[in-house]
Amino acid sequence: MARILITSAIPYINGIKHLGNLVGSQLPADLYARYARARGHEVMFLCATDEHGTPAELAAAKTGKPVEVYCAEMHQVQADLARGFRLSFDHFGRSSSPQNHRLTQYFAGRLAENGYIQEVTEKQVYSRADNRFLPDRYIEGTCPNCGYDKARGDQCENCTKQLDPTDLINPRSAISGSTDLEVRETKHLYLRQSLMRDELEAWIDSKTDWPVLTTSIAKKWLNDGDGLQDRGITRDLHWGIPVKKGDQDWPGMEGKVFYVWFDAPIEYIAAAAEWAEANGKSEADWRRWWRTDEGAADVRYVQFMGKDNVPFHTLSFPATIMGSRDPWKLVDYIKSFNYLNYDGGQFSTSQGRGVFMDQALAILPADYWRWWLLSHAPESSDSEFTWENFQQAVNKDLADVLGNFVSRVTKFCRSKFGEEVPAGGAWGEREQAVIEELGTRLTAYQAHMEAIEIRKAATELRAIWVAGNEYLQAAAPWAVYKDDPAAAAAIVRFALNLVPFYATLSAPFIPDASATMLEAMKMANADWPTDVTAALERLASGHAFAVPENLFRKISDEERAQWQADFAGQR
RNA sequence: GGGCCUGUAGCUCAAUGGUUAGAGCAGAGCGCUCAUAACGCUUUGGUUGGGGGUUCGAGUCCCUCCGGGCCUACCA
């Protein structure tokens, strides 16, 4: 039994996430967490909402609510949706929590003590009308290169030229449109990552088992241009964690807050502290997950995220931890994902394009989405959601292969032997062959799950379901029954035992259907099978069961067409 | 511009440099009748994006061209 710490990239607060966000971090993290628990490991699975930054302030302003209120409400919305998708977080925290305030300020203090913080005075664009400094991309104007009139201060979307806000002709605030802008001096803290470049590179180099996607992005940042650059970790904003050096004020930094990308990863740690408080645990209870000197030396820490998050998790956050010179737990494995596209284009939060978490659950139960998304996870390249593919895959895999198997075996038993596991007959060579096949496939399935090869694991699981149909077809108990009811009983007993077996193996992917299967078979729980023969003898003769409702209904062509139309436009 | 990823059957994807490039879905044929018109068996389908090279041997390595995508440090 191992101890596994799992974190999912924390979703930003400014709205409901789409299926691309879900499959890029939270869902695969949940799959792994559920599997690890099922195998008897001690798991701490953490996630949170990422609440600070300019977009949160603007989103709140749009609703007319104070940003604290807006974030609290949106956190609740996201928490409810997470529950709806059966994401089994041990704790779903908030980056605005008091715990994160303390830890973020603590880390900043430690970094300063160790010489990794530099104060830099720089010039930034200030909007008098908006009463705030503007991030580069919140300044719009005419591109000096191509004349496009909606170029942003960081880059022109039309000609892709990279810009400085001061390059723009007729600059204006993207928030209010105001042209009442001025350049002001302001002081910020920089994390001196460059001093830790070699240390970081050696650490990355030691991670030979990481996905190429993860290491190649890290390498690029380490070696690009002049190498790893220092990074500003403070902002002139109202909403955020006030800049402090531990619990001391930071002279000259009054009224400033830490940059979200500084405090967001620290929330991974703070979420454990929140977990402890919420569950009546002690400081030591959460620190044994995070401090290698306080019990975390044997912890394996796995992170899940989309590829856009990789630089922060491979470089900035490790630099924060290393630079503290405290024995905090560094990540052991990073599983990163490409993007899920929607019907020929990208999912887009700002444009409302695609299917969002609340809409998905309004249409179909979580298992449908979980199965499709996980079995099509964008592991090696971007993948694409289309309604045709979704309908086809869900109907075939869930309704026809798995659902119908459970249906045919339970109903056949009921009609011939009643709703209890029938006695009589014995298993023969055919059953032995199936047991051997299942043993081989179970081993492969476990290997894929442990390696977090999600699509391969899904393929193997599906093959395990198919084996049940193949067996029934070959054994044909409906034909055998006419001449030899006892032999038919043995076949049915074997097939019935596949149901809880499937329920256990499938639970990480489709937890609700798995629970339904176990309930129907009147199994309070089903341990992970270590021996297939033993696992298929758990339902003994005379064990009562109930024929369940169909596990999955099929998606009709009409529904598919309707949804296609419903989601074609903007949200 | 630079860097990285990617291109394999109609679709979604597999294949430590090593037999005849494999699965699922879709298509075709056959079988079964327990089951949600479900299931099973068989089967059609490939110049592995194009071209060149290295090698006894290339989907895999190198060069080049073409297409798709991502990142490029102040969105998060």
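Proteins get letters first, then strands, A, B, ... in listed order; numbering begins at 1 in each.
Between the CG atom of Asn338(A) and the C1' atom of C71(B) there is a distance of 12 Å, rounded to whole Å. The CG-P distance, from Leu340(A) to U12(B), rounds to 13 Å in whole Å. Distance CZ (Arg553(A)) to P (A38(B)): 15 Å, rounded to an integer number of Å. In this structure, Phe262(A) places its CZ atom 15 Å from P of A76(B), rounding to the nearest Å. For Arg231(A) and A76(B), the CZ to C1' distance is 10 Å, given to the nearest whole Å. Lys307(A) has its NZ atom 14 Å from the C1' atom of G3(B), to the nearest Å. Rounded to a whole Å, the CG atom of Leu237(A) is 13 Å from the C1' atom of A76(B). The distance between atom CD1 of Ile139(A) and atom P of C75(B), rounded to the nearest whole Å, is 11 Å.
If you check U36(B), C11(B), C75(B) against the side chain of Asn389(A), the one that comes closest is C11(B). The side chain of Arg137(A) lies closest to C75(B), out of C25(B), C75(B), U36(B). The side chain of Ser407(A) approaches A35(B) more closely than any other nucleotide in the set A76(B), G40(B), A35(B).
A distance of 6.0 Å or more separates the ring centres of Phe405(A) and Tyr471(A). Checked against a 6.0 Å centroid threshold, the rings of His313(A) and Tyr268(A) count as neighbours.
Residue contacts shown for Tyr481(A) are absent, as no nucleic acid heavy atom lies under 4.0 Å away. When heavy atoms are screened at a 4.0 angstrom cut-off, Phe405(A) is found touching no nucleic acid atom at all. In this structure, Asp400(A) reaches the sugar-phosphate backbone alone: every heavy-atom distance under 4.0 Å involves primed, P, OP1 or OP2 atoms, never a base. Within the nucleic acid shown, Gln193(A) has no heavy atom closer than 4.0 Å to any nucleic acid atom. Among the atoms of the strands shown, only primed sugar atoms or phosphate atoms (P, OP1, OP2) are found under 4.0 Å from some heavy atom of Lys456(A). Using a 4.0 Å heavy-atom criterion, one finds that Arg462(A) contacts the sugar-phosphate atoms exclusively. Within the 4.0 angstrom heavy-atom criterion, base atoms lie near Lys220(A). Base engagement by Gln229(A) is indicated by at least one non-hydrogen atom pair under 4.0 Å involving a base atom. Residue-level contact check: Ser383(A) touches the backbone only, with heavy atoms under 4.0 Å from sugar-phosphate atoms and none from bases. Among the atoms of the strands shown, none is found under 4.0 Å from any heavy atom of Gly15(A). Val492(A) comes within 4.0 angstrom of no nucleic acid atom, judged by non-hydrogen atoms across all strands. Counting any heavy atom pair closer than 4.0 Å across all strands shown, Ser415(A) reaches no nucleic acid atom. When heavy atoms are screened at a 4.0 angstrom cut-off, Lys554(A) is found touching base atoms of the nucleic acid.
Taking atom C1' in both C62(B) and U54(B), the straight-line distance is 7 Å, to the nearest Å. A distance of about 13 Å separates the P atoms of U48(B) and G22(B), rounded to the whole Å. Taking atom C1' in both U44(B) and C30(B), one finds a spacing of 15 Å when rounded to whole Å. The gap from the C1' atom of G57(B) to that of G10(B) amounts to 32 Å, rounded to the nearest Å. Nucleotides G59(B) and G17(B) have their C1' atoms positioned 11 Å apart, rounded to a whole Å. Look at the P atom in both U55(B) and G50(B): the space between them is 23 Å, to the nearest Å. Separation of the P atoms belonging to U60(B) and U19(B) is 14 Å when rounded to the nearest angstrom. Taking atom P on both G2(B) and G49(B), the two are 24 Å apart, rounded to the nearest angstrom.
For the residue pair Thr314(A) and Trp210(A), no side-chain donor N or O sits within less than 3.5 Å of a side-chain acceptor on the partner.
One finds no salt bridge joining Glu460(A) and Lys456(A) here, because no Lys/Arg side-chain nitrogen approaches an Asp/Glu carboxylate oxygen to under 4.0 Å. Taking 4.0 Å as the cut-off between side-chain N and carboxylate O, Asp236(A) and Lys187(A) do not count as a salt-bridged pair.
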Check step by step if side chain to side chain contact (heavy atoms under 4.5 Å, CB included) holds for Arg430(A) and Phe494(A). CA-CA 11 Å; Arg430(A) 196 194 308 278; Phe494(A) 186 83; over 6 Å; no
Give the C-alpha distance, both sets of side-chain angles, the deciding distance and a yes or no for salt bridge (Lys or Arg N to Asp or Glu O under 4.0 Å) between Lys219(A) and Asp205(A). CA-CA 9 Å; Lys219(A) 289 277 190 179; Asp205(A) 283 341; 2.4 Å; yes
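At a cut-off of 3.5 angstrom, counting only N and O atoms as typed in the model, there is a donor on one side and an acceptor on the other between the side-chain of Asn404(A) and the base of A35(B). With hydrogens and angles left out, the side chain of Trp261(A) and the base of A76(B) share a donor-acceptor pair within 3.5 Å.
Residue-environment remark: CD (Glu182(A)) exceeds the threshold of 12 foreign heavy atoms within 6.0 Å.
Proximity of Tyr339(A) to the phosphate of C71(B): a side-chain N or O atom is located under 4.0 Å from OP1 or OP2.
Both key distances under 3.5 Å define a Watson-Crick or G-U pair, and stretches of 3 or more such consecutive pairs in RNA chain B run B:1-7 with B:66-72, B:10-13 with B:22-25, B:27-31 with B:39-43, B:49-53 with B:61-65.
Sequence order on RNA chain B of the closest nucleotides to Gly403(A) and Lys396(A) puts Gly403(A) first from the 5' end. The 5' end of RNA chain B is approached more closely, in terms of each residue's nearest nucleotide, by Ala474(A) than by the other of Ala474(A) and Lys123(A).
Expressed to the nearest 0.5 Å, how far CG of Leu340(A) lies from CG of Asn21(A) amounts to 9.5 Å.
The two atoms that bring Leu438(A) and Ala467(A) nearest to each other are CD2-CB, 4.1 Å, heavy atoms only.
The aromatic ring of Trp478(A) sits over the base of C34(B), with ring centres less than 5.5 Å apart and planes tilted by under 30°.
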